[in-house]
Amino acid sequence: VQLQASGGGLVQAGGSLRLSCASSKGTFGIYAVGWFRQAPGKEREFVAAVNFDGGTTHYSDSLKGRFTISRDNVKNTVYLQMNSLKPEDTAVYYCAVRNLVIRTTAADYNYWGQGTQVTVSS
């Protein structure tokens, strides 16, 4: 499975970005998709995930209320809407897939995209 993450960029604190994770695979709809992020010098951390049909989502407690994950299986794309961004949200954001159901641990995901840089200025 090849994943392409996009939508990152430079934004001021309080601003918004929408990240996209697109797959060329026609069976994208069988995969749960997770977003993770990694800041310099820090471990990769879970951000949000959505199950295969979009019916179940899960968020990091620290991000709940500001970030929203959604998916469009017709377009083979998962989105991460990020609002009220803070400088501490600065990181490389990665999307990853695994079969069917959500997990919050990076090691449980089988395929990863290349990452997209998000930088939030104060």
Side-chain angles (χ1 to χ4, degrees):
V1 179
Q2 291 187 328
L3 303 173
Q4 180 71 41
S6 62
L10 174 63
V11 64
Q12 289 187 334
S16 298
L17 284 174
R18 188 177 79 159
L19 306 184
S20 298
C21 176
S23 171
S24 59
K25 191 169 180 67
T27 56
F28 187 64
I30 69 171
Y31 294 107
V33 179
W35 283 99
F36 293 78
R37 68 184 185 183
Q38 188 165 19
K42 295 187 177 181
E43 293 186 355
R44 192 167 295 189
E45 66 169 338
F46 172 75
V47 173
V50 59
N51 75 332
F52 69 102
D53 66 0
T56 302
T57 58
H58 188 73
Y59 297 91
S60 167
D61 287 342
S62 64
L63 301 174
K64 199 175 298 184
R66 296 195 296 124
F67 289 14
T68 303
I69 190 169
S70 61
R71 69 187 299 159
D72 184 338
N73 283 345
V74 173
K75 296 182 178 179
N76 289 345
T77 302
V78 168
Y79 305 98
L80 183 69
Q81 178 68 43
M82 306 187 296
N83 299 328
S84 303
L85 283 163
K86 305 175 181 180
E88 51 264 43
D89 294 319
T90 295
V92 178
Y93 284 71
Y94 299 90
C95 61
V97 300
R98 67 180 311 280
N99 285 341
L100 297 178
V101 297
I102 292 171
R103 292 289 186 270
T104 61
T105 302
D108 289 327
Y109 286 77
N110 306 109
Y111 302 98
W112 291 79
Q114 85 290 358
T116 184
Q117 176 70 47
V118 171
T119 303
V120 184
S121 63
S122 57

Between Ser20 and Thr77 the two heavy atoms that sit nearest each other are CB-CG2, 4.1 Å
Within the distance-only criterion (no hydrogens, no angle test), does the side chain of Thr90 pair as donor or acceptor with the backbone N or O of Val120 below 3.5 angstrom? yes
For the side chain of Asn51 and the backbone of Gly54, is there at least one donor-acceptor N/O pair under 3.5 Å apart? yes
Consider only side-chain heavy atoms of I, L, V, M, F, W and Y, link residues closer than 4.5 Å, and tell whether Val97 and Val92 are in one cluster. no
Leu63 versus Asp89, closest heavy-atom pair with distance: CD2-OD1, 4.0 Å
Taking only residues at least two apart or on different chains, which pairs with a member in residues 18-56 satisfy ring-ring contact (aromatic ring centres under 6.0 Å, His included)? Phe36-Phe46, Phe36-Tyr109, Phe36-Trp112, Phe46-His58
Heavy atoms only: give me the nearest Arg71-Ala32 pair and the separation to one decimal. NH1-CA, 4.2 Å
Gln4 side chain to Gly113 backbone, donor-acceptor under 3.5 Å: no
Can you name the nearest heavy-atom pair linking Gly7 to Leu17, along with the distance? O-CD2, 3.8 Å
Taking every non-hydrogen atom, the tightest pair across Ala91 and Arg37: CB-CB, 3.9 Å
Qualifying ring-ring contact (aromatic ring centres under 6.0 Å, His included) pairs, either residue in residues 65-104, two or more places apart: none
Minimum heavy-atom separation for Asp53 to Asn73, with atom names? CA-ND2, 4.2 Å
When hydrophobic residues are tied together by side-chain contacts of less than 4.5 Å, even through go-betweens, does Ile102 share a cluster with Val78? no
